[in-house]
**Student:** 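The structure's right below; bear with me while I get my questions together.
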Amino acid sequence: VMHETDDADALTKLSLSTRLRKAVEQKSWMLHYQPLIDLQTGSMFGVEALIRWPGPNGGLVPPGEFIPLAEEMGLIEAIGDWVVDEICRQDAQWRAEGLQLEMGFNLSPRQLWQTDLVDKLVAPIVIAGVDPSRVTVEITESTAMTDPDRTLTLLNEMHERGLKLAIDDFGTGYSSLARLKHMPVDILKIDRSFVREVDLDRDAASMVVAMISLADNLGMTPLAEGIETEGEW
């Protein structure tokens with residue numbers, strides 16, 4: 001039975017790999033935009049772009065299933081390039097309709113190892129006439145800490161070119177606060193696991209209060225992920 005399961009898993013992965021290669025060629029992705037809301041005014045000031053892959057049966061393949069495989073197959077660079085081009089295209093469309101929003105997108109761990117990463121991010125944004133200060137690049141806490149010295153160099157370079165920076169999933173990794181202090185981070189994103197039922201869970205509430213205070217003291221903007229109820233707000 002074990003062999004059969006392994007074989008089935010291998011076949012599933014092979015089928016996914018074949019489809020993934022085709023999807024990269026055909027650029028068959030879509031972006032969903034999650035609204036960013038100012039909690040004091042209730043107004044929307046920006047969006048975070050989330051990549052989705054339409055599946056063969058009408059559903060969506062979640063990024064958790066295909067991004068690690070895309071990294072393993074060396075396809076992440078092409079997908080990352082598409083995301084930047086697509087947010088620029090979407091931004092132009094929104095601006096034509098009189099809507100100017102901040103835009104955020106995620107960098108996957110493997111993307112940080114690309115050569116000329118900063119140029120590859122900034123050039124299309126500037127060419128598209130988008131002010132880089134309206135664009136936030138997000139990296140997860142664990143990604144930032146994998147090779148902190150190299151990451152710091154890259155973050156400084158991005159910041160110097162005008163991009164905003166966010167640390168995603170804060171509180172879930174093994175972040176060094178000493179290092180965080182030196183990183184040119186604009187936004188500290190509080191992970192959904194702390195926000196969920198924060199109004200009912202006193203421990204979670206204490207953690208969130210501490211994270212907001214930490215962000216304020218470091219001159220960063222705290223951003224809570226996934227607020228879904230009035231109580232959480």
Side-chain angles (χ1 to χ4, degrees), residues 13 16-31 48-53 61 63-92 102-170 173-176 178-189 220:
K13 189 172 177 182
L16 198 61
S17 304
T18 308
R19 279 173 38 222
L20 194 54
R21 238 178 248 291
K22 203 170 181 180
V24 168
E25 281 168 26
Q26 297 173 350
K27 300 182 178 178
S28 43
W29 318 108
M30 64 197 302
L31 290 182
E48 180 187 348
L50 305 168
I51 192 164
R52 296 291 182 264
W53 179 20
V61 184
E65 280 182 31
F66 72 86
I67 294 292
L69 185 60
E71 290 197 319
E72 200 182 302
M73 293 172 67
L75 300 173
I76 199 67
E77 198 168 324
I79 297 173
D81 291 347
W82 178 86
V83 169
V84 174
D85 289 343
E86 178 59 16
I87 65 167
C88 290
R89 186 200 64 77
Q90 182 64 72
D91 185 69
E102 291 190 17
M103 310 274 276
F105 67 95
N106 300 281
L107 270 192
S108 82
R110 196 62 70 89
Q111 278 176 282
L112 279 176
W113 293 96
Q114 280 181 44
T115 46
D116 304 330
L117 171 68
V118 181
D119 278 331
K120 281 186 171 174
L121 292 177
V122 177
I125 288 168
V126 171
I127 289 165
V130 180
D131 179 349
S133 70
R134 283 199 297 114
V135 179
T136 300
V137 178
E138 299 184 14
I139 62 169
T140 63
E141 182 185 16
S142 49
T143 300
M145 296 303 158
T146 304
D147 185 346
D149 294 333
R150 187 174 185 283
T151 304
L152 183 59
T153 304
L154 278 170
L155 295 184
N156 280 324
E157 211 180 312
M158 286 185 217
H159 222 237
E160 281 160 18
R161 301 285 290 276
L163 295 168
K164 278 189 177 168
L165 300 167
I167 292 285
D168 204 358
D169 301 341
F170 184 71
Y174 298 99
S175 182
S176 157
R179 286 193 180 276
L180 187 66
K181 183 177 71 172
H182 297 295
M183 288 184 167
V185 172
D186 303 282
I187 297 160
L188 198 63
K189 295 185 70 182
M220 301 173 187

**Student:** Name the orientation class of the two ring planes belonging to Phe66 and Trp29 (parallel below 30°, tilted from 30 to 60°, perpendicular beyond 60°).
**Tutor:** parallel
**Student:** Please walk me through it: do Gln90 and Leu31 pass side chain to side chain contact (heavy atoms under 4.5 Å, CB included)?
**Tutor:** CA-CA 10 Å; Gln90 182 64 72; Leu31 290 182; over 6 Å; no
**Student:** With the side chain counted from C-beta on, respond yes when Lys27 and Glu86 share a heavy-atom pair under 4.5 Å apart, and no when they do not.
**Tutor:** no
**Student:** For residues 143-159, which residue pairs pass the salt bridge (charged side-chain N to carboxylate O under 4.0 Å, His left out) check, not counting sequence neighbours?
**Tutor:** Asp149-Arg179
**Student:** Answer whether the closest heavy-atom distance between the side chains of Asp91 and Arg134 falls below 4.5 Å.
**Tutor:** yes
**Student:** Show the nearest heavy-atom pair for residues Pro124 and Cys88, with the distance to one decimal.
**Tutor:** O-SG, 3.8 Å
**Student:** Let me confirm one number: the OG1-NZ distance from Thr136 to Lys189, rounded to the nearest 0.5 Å.
**Tutor:** 9.0 Å
**Student:** Please report the closest heavy-atom contact between Trp53 and Ala23, naming both atoms and the distance.
**Tutor:** NE1-CB, 3.6 Å
**Student:** Could you please spell out the steps behind the side chain to side chain contact (heavy atoms under 4.5 Å, CB included) verdict for Leu20 and Val61?
**Tutor:** CA-CA 11 Å; Leu20 194 54; Val61 184; over 6 Å; no
**Student:** Output all residues satisfying side-chain hydrogen bond (donor to acceptor under 3.5 Å, both in side chains) with Arg161, sequence neighbours left out; order by chain, then residue number.
**Tutor:** Asp119
**Student:** Would you say that Thr140 contacts Ser108 through its side chain, given a criterion of any heavy-atom pair below 4.5 Å between the two side chains?
**Tutor:** no
**Student:** Does the side chain of Leu155 come within less than 4.5 Å of Ile139's, by heavy atoms?
**Tutor:** yes
**Student:** Walk me through whether Ile67 and Asn106 qualify under side chain to side chain contact (heavy atoms under 4.5 Å, CB included).
**Tutor:** CA-CA 11 Å; Ile67 294 292; Asn106 300 281; over 6 Å; no
**Student:** For Thr151 versus Ala144, what's the shortest heavy-atom pair and its separation?
**Tutor:** OG1-O, 3.5 Å
**Student:** When rounded to the nearest 0.5 angstrom, what distance separates CG in Leu188 from CE in Met183?
**Tutor:** 11.5 Å
**Student:** Run the salt-bridge test on Lys120 and Glu77 with the 4.0 Å N-O cut-off and return the result as yes or no.
**Tutor:** yes
**Student:** Would you compute the distance between atom CG of Asp85 and atom CD1 of Ile127 and round it to the nearest 0.5 angstrom?
**Tutor:** 9.5 Å
**Student:** Could you go through Val135 and Leu121, starting from their C-alpha distance and side-chain angles, then the distance that decides it, and tell me whether this counts as side chain to side chain contact (heavy atoms under 4.5 Å, CB included)?
**Tutor:** CA-CA 10 Å; Val135 179; Leu121 292 177; over 6 Å; no
**Student:** Let me see the working for Glu25 and Lys22 under salt bridge (Lys or Arg N to Asp or Glu O under 4.0 Å), right down to the final yes or no.
**Tutor:** CA-CA 5 Å; Glu25 281 168 26; Lys22 203 170 181 180; over 6 Å; no
**Student:** Does any non-hydrogen side-chain atom of Ile187 lie less than 4.5 Å from one of Leu165?
**Tutor:** no
**Student:** With side chains defined as the heavy atoms from C-beta onward, is the minimum distance between Leu107 and Thr143 less than 4.5 Å?
**Tutor:** no
**Student:** Please report the shortest heavy-atom distance between Met158 and Leu117, naming the atom on each side.
**Tutor:** CE-CD2, 4.0 Å
**Student:** Could you tell me the separation between the CE atom of Met103 and the CG atom of Asp131, rounded to the nearest 0.5 Å?
**Tutor:** 13.0 Å
